[in-house]
Number of protein chains: 2
Amino acid sequence: MQRHSRQRDAILENLCSRYDHPTAEDLYFSLKPKIPALSLATVYRNLSQLETDGKVIRIGSGGTARYDGNVNLHYHLSCLGCSGVVDIFLDDDCGLTEKAEKSFDGTIISHSVLFTGYCSECSKQLG
Amino acid sequence: MQRHSRQRDAILENLCSRYDHPTAEDLYFSLKPKIPALSLATVYRNLSQLETDGKVIRIGSGGTARYDGNVNLHYHLSCLGCSGVVDIFLDDDCGLTEKAEKSFDGTIISHSVLFTGYCSECSKQLG
DNA sequence: AATGATAACGATAACGATTATCGTTATCAG
DNA sequence: CTGATAACGATAATCGTTATCGTTATCATT
C-alpha cells in the first residue's frame with residue numbers, strides 16, 4: 001500500500017518543471033531550501049519508486065544517473081563537451097520496436113536511444 | 001606510444017570469442033586460470049583503452065558495465081528475467097542518425113539502442 | 001645482445017554513486 | 001483517536017570503478 005508523501009510530491013514536481021535532466025544530487029540541492037530536513041537517501045528512494053511507477057525515466061548514461069520527468073517517447077544526446085544531456089525529439093520511433101521484434105524471439109517492452117556527440121552550444125564553440 | 005601487452009591481447013581475444021557480453025569481472029575470472037597473476041585493475045585499464053581504440057563496445061546498462069567485442073552496428077536487449085544482455089541485429093539503423101541530425105542543432109557521432117524486455121528463454125518460461 | 005626510458009603491470013587504497021540499516025515520524029484505514 | 005506500518009532522516013555499508021605506487025616488461029637505441 002503506497003502512502004502519500006510530501007517529499008515524493010516535491011521531487012516529482014521539481015523534476016517535471018525542469019528540462020536539464022538533473023542527477024539525484026541536483027534534485028536534492030534544489031529542494032533542500034524548501035525542505036531543509038530532506039535526506040539524499042529519500043531522493044534516491046523516491047526516484048527509484050517513481051521510475052517503477054512509470055512517472056519518471058532514468059537515463060543511465062554511464063557514471064551518474066540522470067532523470068527525466070517527461071515520459072513521452074523521445075531520445076537523448078549525451079554531450080562529450082559539457083557532459084550534459086539534451087532531448088532529441090523525433091516524429092516517430094522509426095519502427096524500431098517492430099523491426100526488433102521480427103528479428104528476435106523474445107518480448108520487447110520498451111527501448112531507449114542514446115546519441116553521443118556535441119550539443120548545440122559545444123558544436124559552435126568547436127567551429 | 002602504445003606498447004604491446006600479453007594481458008590486453010588475452011582480454012580482447014577472450015571477449016571476441018564469446019557472445020554473452022561479460023562484465024570486467026567475468027573476463028577477469030575467465031582469464032585468471034591462464035594468467036594467474038592477472039589483476040582486476042588491469043582488466044579495467046585495458047577495457048577502457050580498447051574502448052577508446054574502438055576495438056570494444058561498453059554497454060552501460062545501469063549498474064555494472066558489460067562489454068562487447070563486436071563493434072559492427074547492432075543493438076542490445078537487457079532481459080528483465082535473467083538480467084542478461086542479448087544482441088539485436090537489424091538490417092539498418094532506421095535512419096536514426098539522419099533524423100536526429102535534422103531535428104537538432106548539434107553534432108551526432110554515434111548512437112546506441114537498448115531494448116528492455118525478455119529474452120527468448122525467459123519469454124517461454126513466462127508463457 | 002645490453003641499456004635505458006617508460007608503458008603497463010599487480011596489489012591495494014581511495015573514490016563516488018547508490019543502497020541498506022535502524023530508530024523515529026507521518027500517513028491513513030478502522 | 002489510535003494502531004499498524006510506509007516513509008522518513010542520518011549514516012554506515014556496498015560495490016563498481018579509478019588512482020596510486022613500487023615493480024616489471026616492452027622496445028627503440030646503442
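Reminder, nothing fancy here: chain letters follow the sequence lines and each chain counts from 1.
- The interatomic distance linking A:N46 (CG) with C:dA20 (P) rounds to 15 Å, in whole Å.
- Within the nucleic acid shown, A:R6 comes within 4.0 Å of sugar-phosphate atoms alone, with no base atom in reach, counting heavy atoms only.
- The phosphate of D:dA25 has neither OP1 nor OP2 within less than 4.0 Å of any side-chain N or O from B:Q7.
- A sub-4.0 Å separation between OP1 or OP2 of D:dG16 and a side-chain N or O of B:T23 is absent.
- Going from atom CG of B:D9 over to atom C1' of D:dT26 covers 12 Å, rounded to whole Å.
- To the nearest 0.5 Å, the span separating CD1 on A:I57 from NE2 on A:H76 amounts to 6.5 Å.
- B:K99 has a carboxylate O that lies under 4.0 Å from a charged side-chain N of A:D92, or vice versa, which qualifies the two as a salt bridge.
- Listed pair B:S39 / C:dT12 fails the phosphate criterion, with no side-chain N or O lying under 4.0 Å from OP1 or OP2.
- Counting to the nearest Å, the C1' atom of C:dA26 and the CZ atom of A:R8 are 12 Å from each other.
- Look at CE on A:M1: it is 7 Å from C1' on C:dC28, rounded to the nearest Å.
- Distances shown here put every side-chain N or O of B:Q2 at or beyond 4.0 Å from the OP1 or OP2 atom of D:dC27.
- Contact of the A:F89 side chain with the A:N70 side chain is registered, since non-hydrogen atoms from C-beta on lie closer than 4.5 Å.
- Using modelled atom types, one finds a donor on one side chain and an acceptor on the other under 3.5 Å when comparing B:D87 with B:H21.
- Using the six-membered ring where Trp is involved, B:H111 and A:F115 have ring planes that are tilted, between 30° and 60° apart.
- Residue A:S5 places no side-chain N or O under 4.0 Å from the OP1 or OP2 atom of D:dA7.
- Between A:D53 atom CG and D:dA7 atom C1' there is a gap of 14 Å when expressed in whole angstrom units.
- Within the structure, every side-chain polar atom (N or O) of B:R45 is placed at least 4.0 Å from both OP1 and OP2 of C:dA8.
- Nearest nucleotide to the side chain of B:H4, out of D:dA7, D:dT26, D:dC8: D:dT26.
- When the nucleotides D:dT18, D:dG9, D:dA4 are ranked by their closest atom to the side chain of B:R58, D:dT18 comes out on top.
- Using a 4.0 Å heavy-atom criterion, one finds that B:E25 contacts no nucleic acid atom at all.
- Between D:dT18 and B:Y44, no contact under 4.0 Å exists linking OP1 or OP2 to a side-chain N or O.
- To the nearest angstrom, C1' of C:dT24 lies 14 Å from CZ of A:R3.
- What separates CG of A:L40 from P of D:dA12 is a distance of 15 Å, to the nearest Å.
- Distance, B:E51 CD to D:dT17 C1': 13 Å, rounded to whole Å.
- The residue A:A41 sits close to a base: some heavy atom pair falls under 4.0 Å.
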